[in-house]
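Structure, as structure tokens:
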Amino acid sequence: MSRPIFEVIALTPQDAQAAESGGADRLELVTDMAADGLTPSVEDFAGIRAAVELPLRVMLRLRDGFTPGDLDGLCARADALRAEGADEFVFGFLDADGSVDLAATAAVAEAVAGCRWTFHRALDHSADRAAVRAAVGALPGLDTFLTSGAAGGVDAGRDVLRAELARAGEPGYGQRILIGGGLRAGHVPGLRAAGFDAFHVGGAVRPDGWRSPVDAGRVAEWRSLIDG
């Protein structure tokens, strides 16, 4: 059995180095956590890329919420990040009614053609998550859904997560489920026993939440818990 994936949110090179030291497998790069994570600058990406060897998934999101906003600007930022060496991304868009904005999501998928990417927790805030999976499941490069199963987090979404895992291999359900959003250490043993093998944290590995940097010791504790 392969080792479970452990992804940590990093905002700075120091975050990235602490996460790598603690045993993270991959980083999600964002800025502005007051808006739940927006696209970092090309310069910030370059600084983190130079600091660690881990794979980096870069958020493509220019505004709070899940509507795409300036789609041309977003694709231009993706182009600039790719030119700097980014090759994995995180994105996903809804319209004002909570339905998937397939045109916007497909446009960004085309802008990062050849790259692997995650559809993020827009899934949990959608009006119909099954419809989202059906619509985007065949887009090229999509290999992961970041989800807690519900907008309210893992406590509210565990039954949904288990039901979706049971559909693995069906259209729209072939991607890895990366569990994040309200994830606590106490959730992990039950989720591992249920067969989940990918976990995502941000504030949980920071002593004072988002006001503080990633702590390598906390990352190591999560690593040990996930590995069982």
Side-chain angles (χ1 to χ4, degrees), residues 5 7 9 26-32 35-42 44-45 55-151 157 160-161 163-165 167-181 198 200:
I5 289 177
E7 180 179 273
I9 296 174
R26 189 170 74 202
L27 306 178
E28 179 186 274
L29 304 192
V30 305
T31 189
D32 194 358
D36 291 328
L38 303 180
T39 303
S41 69
V42 174
D44 285 346
F45 166 78
L56 310 178
R57 292 218 167 179
V58 186
M59 179 67 72
L60 293 176
R61 182 170 176 257
L62 296 181
R63 58 190 292 179
D64 199 358
F66 298 110
T67 57
D70 179 6
L71 189 56
D72 289 342
L74 191 62
C75 290
R77 182 72 69 85
D79 289 343
L81 286 161
R82 292 191 72 182
E84 190 63 38
D87 59 4
E88 299 184 38
F89 295 93
V90 182
F91 56 93
F93 306 103
L94 305 176
D95 63 23
D97 296 324
S99 298
V100 63
D101 188 332
L102 183 59
T105 305
V108 177
E110 183 176 353
V112 300
C115 300
R116 291 174 292 171
W117 59 279
T118 298
F119 192 100
H120 58 49
R121 289 194 66 221
L123 177 65
D124 294 335
H125 295 266
S126 66
D128 184 341
R129 58 189 294 126
V132 174
R133 282 180 168 273
V136 305
L139 290 177
L142 174 63
D143 67 359
T144 302
F145 283 100
L146 171 61
T147 176
S148 62
V160 171
L161 292 170
E164 292 186 340
L165 182 64
R167 298 183 66 179
E170 296 180 21
Y173 294 86
Q175 292 79 16
R176 184 188 296 270
I177 295 174
L178 174 65
I179 299 180
H200 166 102

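Positions are given from 1, in the same order as the sequence printed here. All values reported here derive from a predicted model rather than from experimental measurement.
Put simply, the residue from V100, L94, D97 that forms a side chain to side chain contact (heavy atoms under 4.5 Å, CB included) with S126 is L94.
The shortest non-hydrogen separation linking A109 to P140 is CB-O, 4.4 Å. F89 and C115 make their closest contact through CE1-SG, 3.9 Å (heavy atoms, listed as atom of the first residue, atom of the second, distance). A135 approaches L102 most closely through the heavy-atom pair O-CD1, 3.6 Å. Residues G92 and A122 share a closest heavy-atom pair of O-CB, 4.0 Å. Contact between P40 and V30 at its shortest, heavy atoms only, is CD-CA, 4.1 Å. Between R121 and S148, the closest heavy-atom pair is NH2-OG, 2.9 Å.
Figure legend: R61 and F93 shown without cation-pi pairing, the cationic atom not lying both under 6.0 angstrom from the six-membered ring centre and within 45 degrees of its axis.
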(request) Apply side-chain contact (heavy atoms from CB on, under 4.5 Å) to L38 and M59, showing your working. (result) CA-CA 6 Å; L38 303 180; M59 179 67 72; 5.8 Å; no
(request) Kindly determine whether D44 and L29 satisfy side-chain contact (heavy atoms from CB on, under 4.5 Å), including the steps that lead there. (result) CA-CA 9 Å; D44 285 346; L29 304 192; over 6 Å; no
(message) Working note: F119 + T105, criterion side-chain contact (heavy atoms from CB on, under 4.5 Å); need CA distance, chi angles, decisive distance, verdict.
(response) CA-CA 9 Å; F119 192 100; T105 305; 4.2 Å; yes
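If you take CG on L60 and CZ on R77, they are separated by 9.0 Å, rounding to the nearest 0.5 Å. Atom CD of E164 and atom CG of L123 lie 6.0 Å apart (nearest 0.5 Å). Rounding to the nearest 0.5 Å places CD of Q175 at 8.5 Å from CH2 of W117. Put simply, CG on L178 and CZ on R26 are 6.0 Å apart, with the number rounded to the nearest 0.5 Å. The structure places CD1 of I179 at 12.0 Å from NE2 of H200, a figure rounded to the nearest 0.5 Å. The CD atom of E88 sits 7.5 Å away from the CG atom of L56 when rounded to the nearest 0.5 Å.
Between T39 and F91 there is no side-chain heavy-atom pair separated by less than 4.5 Å.
R176 places no side-chain N or O within 3.5 Å of a backbone atom of L146 that could act as its donor or acceptor partner. Side chain of T118 to backbone of H120: no donor-acceptor contact under 3.5 angstrom is found. Here the side chain of T67 pairs no donor or acceptor atom with the backbone of D95 at under 3.5 angstrom.
The environment of R82 atom CZ is dense: over 12 non-hydrogen atoms of other residues, nucleotides or ligands sit within 6.0 angstrom. Atom CD of E170 sits in a crowded spot, with more than 12 heavy atoms from other residues, nucleotides or ligands closer than 6.0 Å.
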